Every structure is written in structure tokens, then in C-alpha cells.
Peer 1: 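Starting off with a structure, shown below.
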Amino acid sequence: MDSPNPMVFLPRMAQIHSDIQQAVKLLNEGNLVGIPTETVYGLAANALNSNAVIKIFEAKNRPEFDPLIVHIGRFKDLEKWTTDLHPVLLQIAKKYWPGPLTILGKKNPLIPDLVTSGLDTVGIRMPNHPVTLALLQQLDYPLAAPSANPFGYISPTSPEHVNAQLGEKIELILDGGESNVGVESTIITIENNAIRILRQGGITEKDLSTFGLPVLANEISTSKPNAPGQLISHYAPRKPLICGDIASLIAQNADKKYAVLAFSKTYHAPIERLLSVKADVSEAAQNLFRMMRELDQSEADIIFCELIPQDGIGAAVNDRIKRASKH
Ligand code: TXA
Ligand code: MG
């Protein structure tokens, strides 16, 4: 066996623990902290401090035209950081917060333009995770936090995922276990007296249909700086992912080294993950990003994947699969 080479230095990785006081200290000093949420892990900074927020864009290699979501821990802060909020948005937030829902409101000028990429609206969300809620409730500023992945890659659903890709750039990832929703929050706004879903997530079209306004869902659309969040290739593995009928894809590509990401039924592929053996769309959502990562790290050269039933959070899962396949 080779002896270890003393000249090889391991890269510095983040600490992973749940000491909220250390997170408060780091954030107060303008540093980044990885935070757990029920949807995916976030990369957080003091949303009112541009010098801290710029570090988020640098660490993720994220273009400055893609705005950040601002996270709050107290309901009254919604009206502090937004103005003229539509009463129905307020009602929806009351019903689903804390939870996987982001609403857009007109922004308070104290929120730096960097956070909102110069838009006059800000996305606000109260995450439903006890560690991050406790953290937010100790801070006198909100946290800007995008998903804690390099720009364009699959979102992280565990502290280890964050550490693997951004661990060299941050000191601490608060440990909150695995994210139990597994896909990013639903983003909504109200336009022309209709609720518009800008990104599908854990709060579904059906959930939103009980507020007396029509609900419109965006088809996934192409990248436009004035329609941030709608960048088509997002959440993508590095390997090509092809979405379609898996049996036909296998038949047409028998010579390739492929992996299969299927909903509930096996295709007996040598490298395969099933999103939910019991065919449950919520379990599929929980597993989606972890399994995509595992297959991306497998020996396969290409990933074949199928859509799942469109019910409930299945719509969000299918949206992420379609985006991942548009690489
Ligand atoms: O579940 C989530 O929302 C996670 C966790 C960490 O809270 N966060 C998250 O952030 O997914 P991020 O940055 O990966 O995605 C936020 C999306 C972006 O695509 C951004 O363009 C859109 O929200 N967004 C933010 N503010 C917006 C605004 N004012 N108008 C339109 N879109 C906005
Ligand atoms: Mg993201």
C-alpha cells in the first residue's frame, strides 16, 4: 500500500452541527451559513447586508440577474418587508406558513436591490423547519437564501450534499437532517386578479384553488432575465438525463452504459433507483434530488427517467425532471 503523501492537503470542509448560536454569530459577522429547510438546504446570509449577500452569488457562481428568496421567522415580518400586499396572498401565507410556499410582494426599500436583482418585488417565505425557524427568530434581519448548490446543479436535500459542493466556501452547515419535502417551494404571485404559479412545489394548484381566484400555472419557459426563476436548465445533473418511455429508451440504447430513474416499477437495469416503491408522489419528491445525485455519481454515462403521476406534488417533480432533461 502507498504511504500517504504528506504534501496532499485535504480541502477545508464546513462543520456540520446544530449549534444555532454559532450560526447567529457567523451571520451577524456577514458570513454565509448552510441552513436546513423542509424543501431543500439553503445558503443563507443577512438579507439586509449587501456585502454578505454578494458572497452568496460568488459561492454559487450565480448570475446577479437571478433574485434570491428572503426567509422570515415571524409572520408580522411579511408586512414589514413588503408593501401593498394583495389580501389574498396574505390569506394564503396565513394558511400555508410555515411551509413550502414563496409569495412575491412589492419590496421594502431596505431590502438591497442585489437581493431582488433590481426587481421591485421580493420573494418571501417562512420555512417549516424547527432549526431554521429557531435561528430566524433569534435574528433581527431576514435571511436571503437560495438553494445551496452551485448554480444550475441539483439542489441539496442533506447537509452532506451541501458540504460536497460548497463545503470549501462556508464554515458551517446547520444540521437539520434530510429535507422532507424534497423539491423547492411553490412560488406565487397575483396578476390580473389570478393566482399565478411561477414555480411548482409542495403547495399545489389544488391547494391554491380554494381562495376564490383562478389559478394559472406557468409552463416551463426559456431563460429570460425578466422572468427570473424560469431558467429552463436548472436542477440538472452533469450527465445527460433523458426523459421518456424507459423501456423504449433501454431498447434503443442497449450498447450504452445507462442508469434508470423510475417511479415505482423496476426495469431490472443494473444501475437503477425507484423514486417510490409504493407509488407515492410525496415520497418520490423526497427522493428525487438524492437519487439524481447518486445516478450522476454512478458509472453510467447517461440517465433514463420517466415522468410520475401529475397529482399533487407530482407536478413539481415532473417540472424538475423536465428541466433536468433540458441540458
Ligand atoms: O424552497 C425554496 O424556495 C428554497 C429554500 C432554500 O427556501 N430556495 C430556493 O431558492 O429554491 P432559489 O434561489 O434556488 O430559487 C428561487 C427562485 C429563483 O429561481 C428566483 O429567480 C425566483 O425564486 N425569485 C426570487 N425572487 C423573485 C422575484 N422577486 N420575482 C420572480 N422570481 C423570483
Ligand atoms: Mg435553486
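Because the structure is predicted, anything quoted here is derived from the model rather than measured. As the structure lists them, so they are numbered: ligands from 1, and atoms in each ligand from 1.
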Peer 1: Quick one: do Lys107 and Asp113 make a salt bridge, cutoff under 4.0 Å?
Peer 2: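 A salt bridge is present here (some side-chain N lies under 4.0 Å from a carboxylate O).
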Peer 1: Closer than 4.0 Å to some heavy atom of Ile187 - which atoms of ligand 1 meet that?
Peer 2: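 Heavy-atom distances to Ile187 below 4.0 Å select 17 (C), 22 (C), 23 (O).
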Peer 1: Closer than 4.0 angstrom: is that true for some heavy atom of Leu119 and an atom of ligand 1?
Peer 2: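 Distance cut 4.0 Å: Leu119 passes for ligand 1.
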Peer 1: Within the 4.0 Å heavy-atom shell around Asp66, which atoms of ligand 1 are there?
Peer 2: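 Near Asp66, the atoms of ligand 1 are 18 (C), 19 (O), 20 (C), 21 (O).
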Peer 1: Taking only heavy atoms of Thr39 into account, list the atoms of ligand 1 that are under 4.0 Å away from them.
Peer 2: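 The atoms of ligand 1 under 4.0 Å from a heavy atom of Thr39 are 1 (O), 2 (C), 4 (C), 5 (C).
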Peer 1: Show me which atoms of ligand 1 lie under 4.0 Å from any heavy atom of Leu104.
Peer 2: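 Result: 27 (C), 28 (C), 29 (N), 30 (N), 31 (C).
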Peer 1: Where do Thr37 and Arg125 land on the side chain to side chain donor-acceptor pair (under 3.5 Å) test, with the steps shown first?
Peer 2: CA-CA 11 Å; Thr37 88; Arg125 154 167 138 82; 2.9 Å; yes
Peer 1: When you look at CD of Glu299, are more than 12 heavy atoms from neighbouring residues, nucleotides or ligands closer to it than 6.0 Å?
Peer 2: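 Not buried by this count: 12 neighbours or fewer within 6.0 Å.
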Peer 1: Is Arg62 near ligand 1, meaning one of its heavy atoms is under 4.0 Å from it?
Peer 2: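 Contact check Arg62 vs ligand 1: positive.
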Peer 1: Any nitrogen or oxygen of Glu184, side chain or backbone, less than 3.5 Å from one on ligand 1?
Peer 2: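 Such a contact does not occur with ligand 1.
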Peer 1: Evaluate Asp296 against Tyr153 for side chain to side chain donor-acceptor pair (under 3.5 Å), listing each step before the verdict.
Peer 2: CA-CA 11 Å; Asp296 205 22; Tyr153 195 62; 2.7 Å; yes
Peer 1: With side chain to side chain donor-acceptor pair (under 3.5 Å) as the test, would you mind laying out the steps for Ser276 and Ser264 before giving the verdict?
Peer 2: CA-CA 5 Å; Ser276 171; Ser264 64; over 6 Å; no
Peer 1: Does any N, O or S atom in Ser155 come within less than 2.8 Å of the Mg ion (ligand 2)?
Peer 2: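 Within the cut-off used here (under 2.8 Å), Ser155 places no N, O or S atom near the Mg ion (ligand 2).
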Peer 1: When only distance counts, is Tyr41 in polar contact with ligand 1, meaning an N/O pair under 3.5 Å?
Peer 2: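 Looking only at distances, the answer is no, because the N/O contact criterion of under 3.5 Å is not met.
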Peer 1: Could I get the full list of salt bridge (charged side-chain N to carboxylate O under 4.0 Å, His left out) partners for Lys169, not counting sequence neighbours?
Peer 2: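 By the salt bridge (charged side-chain N to carboxylate O under 4.0 Å, His left out) rule, Lys169 matches no residue at all.
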Peer 1: For ligand 1, which atoms sit closer than 4.0 Å to a heavy atom of Ser185?
Peer 2: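 The list of qualifying atoms is 1 (O), 2 (C), 3 (O).
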Peer 1: Grab the two heavy atoms, one from Val260 and one from Ala269, that are nearest each other, plus how far apart they are.
Peer 2: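 Result for this residue pair: CG2-CB, 3.7 Å.
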